[in-house]
Structures are given as structure tokens and as C-alpha cells.
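The basis for the numbers below is simple: all heavy atoms, side chains too, and nothing from hydrogens, waters or symmetry mates.
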Amino acid sequence: MDLFDYMRGQNEKKEAPLARRLRPKKLSDVVGQEHILGPGKLLSRAIEADRLSSVILYGPPGTGKTSLAYVIANTTKADFKEINATTSGKKDMEEVVREARNTLGMYGRKTILFVDEIHRFNKAQQDFLLPYVEDGTVILIGATTENPYFEVNSALISRSTVFQLHPLTEENIQTLIRRAVYDKEQGMGVYNAEITDEAVVFLADMAEGDARNALNAVELAVLTTEPDQEDGKIHVTTEILEECIQRRNIKYDKDGDNHYDIISAFIKSMRGSDPDAALYYLAKMLYGGESVTFIARRIMICASEDVGMADPQALQVAVAAAQAVERVGMPESQLILAHAAVYVATAPKSNSVTNGIYAAMDAVKTHGQAAVPPHLRDAHYSGSKELGHVGYKYAHDFENHYVEQQYLPDALLGTTFYEPTEQGREAKVREWMEFLKGTHK
């Protein structure tokens, strides 16, 4: 390293964003994640003993994945290399592997490779790392905001330990906010700033577990607020932070794992007859910019799958809502979707239709060649009688427009696919079907 490299490094540290400057240097500096970093926990033991094996760090943005990697870099005796999957490729990995082999062969020292956003690597790029992780040429630390069991090759997963990082608690965020304001070496302490307790609580709540979001707001507040003329201090208040953060940081990636968690919770809330929870998850999706047509499709499915014949009108409401949101658009579509979601959530529930079609599909797989009874076959062409297509009884010619005759193939006689429940309107359907069958016993 020459003088210019040294000065460049010093300037980068000085001009780096606050969130980067405040990254912990040792394990005791880390705030939160006690479930994996608390005393005696596997990851903390491995870091302290410098006996780390390959790991995947999985969690939402701002929870400390990269910070944890830097703690490892500061405590390990191994070489530490870092690449970002969004800007690096196979050539960069080949260079790391070449250096790692030389370091291991010449000095007996291992190399830790930190791959940020590892889910951005395609399958071939991830496969390239596999033999070098397996033979110990590199120790992999992969960081991802996506579910690694979906986005990282199963071979890499099987050779790594997955640690899930949780959103930081409000108490964790408050600790970091105060550290950011008053720390004179890494934080904003040299600016002679103060922050009120109310502002700390407000920002910790608004950050939604994302430390980076909170620290960015602190930095912006301090740098854009004029010192008080009386005491010369910069006073960071709730009002100032409201301007800096403006919008609550909602974790919602329309293409990621969180997307599936929220829509799953939405559907299960409607199925579970909890309109309040359904509205909350609906609002979260709308706030995150989810497609209104996607939401409408899920409501239609739920109306048929989980409400079914207990309230046949639920499907009509859901279909009407789907058509309406395409014509109206946002923000009014939120009212239409809320209407449909609440209707489905509060409707009586029955999955008899769902169970019926699944059972019928299984029967087709098993008895797919079962013949249609002759009297139900098409009789509208000459020669049909000669083929035996006779004997059909027209239901409307009989009392209650019902006549007992065989409809199922011989192989399925006596099979019941649809069994009405006692829920909602389906109770009347059950009563009617029992009446019809009872009159012809």
C-alpha cells in the first residue's frame, strides 16, 4: 500500500455513510441477534474461537449481516476477501480462489470469502464455489435477504450452516440511535448534537427493525439542522425526524420471500374469519406497492376454496371486486379490495367443494378409463340407439325435478365426493339433498 492508497482509505472512512462508520469492530459491539450471538451460542463460539465454517446469513435489510461479516474479518486470523454478487462475477471468484490456494499452500492460512447478496449469483456462479467450499480452499460467508432454501443452491446450503437474523427490536434501534448521535469517533458526536427521548422512541418505531434506515435518518437530521443560537447545539426532535424519514419503512419485496409470507398470512386470516388481520395484511401489501389484480385473484381463490357453498355469493363479490379494481385503479381500489376481503373473512366457511374436486381428481387418476353409463351417452345422432344409448330419464319430468338413476361409472358406484356441511347456506343444500334422496329410498 502506498501513500495514495492510505490517504484514499482514510478519506473513504471519513466520508462513508454513518451506517457504515458505525459497523461494530468486535463481537461485543454487536447490538441485537442474541438468539445466535448470545453467550454460548454456536455462532458466537465459532467467531470467538476463530473456528468458523461456511455460513449463510439470512435476514431483512438493516439487521446486521454485513456488520457481522466485518466483525469476523476483524477477529479472524484468516485472510478475508469480500465480493458483492451484484457487481462481481466468475472472474472475481477465480482470482479469490487463486489467492486463497497460494495463501493456504505457502503460509497455511485459510481464506474467508464474504459474498454479499449471494442470491444474485446464478446457479452456475454458485456451483463454481462448491468444490472450493467443500475442500476448504475458502470458508464461505454468504449474506442474503432472500430465503436461502429457495435462492441458494441446495449443495451450498448442505455444506453451510444457515443463521437467520431477525429484525432488530425497538430497544436495539434506540441503542444504535443514541450511539450514532453521541459517539465522537464513529458517529455524529463531533457535531455537538442532542436528541430527545421522544425522538429516539419515534424513530425506533418508524424504522421497523432496520438499523440502516434509522441511522440514515439520524445522519440527515444532524447534517441539515442548524445549531441553536443560544446553546450552539443541534437539537434533533421528532418534528425534524418526521421530515427525514417521512414514510414508515415497510419490509415488502414484491418478488421476495416476504411477499409470500404476507400473502400467506392474508389468505389464512380470511380463512380463519379474522377481518382485522385480513385488513392489516391487505394494507401492508397495498403500502408496499403490490399489484391490486394479484390481491384480487387471491381473494377470488379464497372465496371458492374456503367459503365455497357456505356462501356462494362470496365468489360473486370477489369476482366483482377483481373486475372493479381493473377499471378504477388506486387509491380507490383499496376500498373495493377491503370490501371483498372483509366479506370473505366474515362469511361462513366450508371446504367441501375443495375436498370434492380433489377427491374427484384422484378418482380420475385411479379410474380414468371408467366407462360412462350407456343411458348418459350422447343420443343425438342416428345409430345411437343401436349402440345402446337409451334409457335416460329426464329429471324435469319427475316430482321435485329429481329422479333416481345411475350417473357415476360402474367402478365408482356409491362414491361420495361432495359432502355438504352444516355451515351457512350449505346447511340448506345438505337438507335439500337429503330430502331428495330420502323420498326415493
Can you give me every donor-acceptor pair (side chain of residues 312-340, partner residue at least two apart or in another chain, under 3.5 Å) with its distance?
| residue | atom | partner | partner atom | Å |
| --- | --- | --- | --- | --- |
| S333 | OG | G329 | N | 3.3 |
| S333 | OG | G329 | O | 2.8 |
| Q334 | NE2 | P331 | O | 3.0 |

Please give me the minimum heavy-atom distance between [X] and [Y], naming the atom from each residue.
X	Y	value
R212	A19	CG-CB, 4.0 Å
S88	F121	O-CE2, 3.5 Å
G64	L165	C-CD2, 3.8 Å
Y182	E194	OH-CA, 3.7 Å
K77	D50	N-OD2, 2.8 Å
I112	A78	CG1-CB, 4.1 Å

Exceeds 12 heavy-atom contacts within 6.0 angstrom, atom [atom1] of [X]:
X	atom1	value
Y191	OH	no
R120	CZ	no
Y280	OH	no
E239	CD	yes
R425	CZ	no

Query - Step-by-step side-chain contact (heavy atoms from CB on, under 4.5 Å) determination, I263 to F294 - result: CA-CA 10 Å; I263 193 64; F294 170 79; 3.7 Å; yes
Main chain of [Y], side chain of [X]: is a donor-acceptor contact present, judged purely on distance under 3.5 Å?
X	Y	value
Q126	N153	yes
N351	T354	no
T144	Y58	no
E151	H119	no
R21	Q186	yes
T175	E171	yes
K65	P60	yes
N74	Y70	yes
R45	G40	yes
Q33	H166	yes

Supply the atom-to-atom distance [X] [atom1] to [Y] [atom2], rounded to the nearest 0.5 angstrom.
X	Y	atom1	atom2	value
D116	L57	CG	CG	9.5 Å
I357	Y418	CD1	OH	13.0 Å
I141	I72	CD1	CD1	3.5 Å
I267	I301	CD1	CD1	7.0 Å
Q174	L203	CD	CG	9.5 Å
N102	T137	CG	OG1	11.0 Å

Query - Intermediate values then yes/no, side-chain contact (heavy atoms from CB on, under 4.5 Å), F202 and T196 - result: CA-CA 10 Å; F202 165 78; T196 65; over 6 Å; no
Check: [Y] and [X] side chains under 4.5 Å, non-hydrogen atoms:
X	Y	value
K349	Q423	no
S67	V30	no
T225	V236	no
L68	L43	yes
L241	I195	yes
T76	I139	no
D29	V71	no
L27	T75	no

**Report entry** A73: side-chain contact (heavy atoms from CB on, under 4.5 Å) partners, not counting sequence neighbours
**Finding:** F80
Query - Salt-bridge contact R178-D197 (side-chain N to carboxylate O under 4.0 Å) - result: yes
Say whether [X] and [Y], considering side chains only, have a donor N or O and an acceptor N or O under 3.5 Å apart.
X	Y	result
T169	N172	yes
S350	E426	yes
K81	T111	no

**Report entry** Evaluation steps, side-chain contact (heavy atoms from CB on, under 4.5 Å), between L18 and V222
**Finding:** CA-CA 11 Å; L18 176 61; V222 172; over 6 Å; no
Query raised in the report: Stepwise, does the side-chain contact (heavy atoms from CB on, under 4.5 Å) test hold for T66 with F114?
Result: CA-CA 9 Å; T66 304; F114 173 52; 4.0 Å; yes
Report task. Evaluate the salt bridge (charged side-chain N to carboxylate O under 4.0 Å, His left out) criterion for residues K91 and E94: first the C-alpha distance (whole Å), next the side-chain angles of each, then the deciding distance (0.1 Å), finally the verdict. Result -> CA-CA 5 Å; K91 184 177 180 181; E94 288 175 340; over 6 Å; no
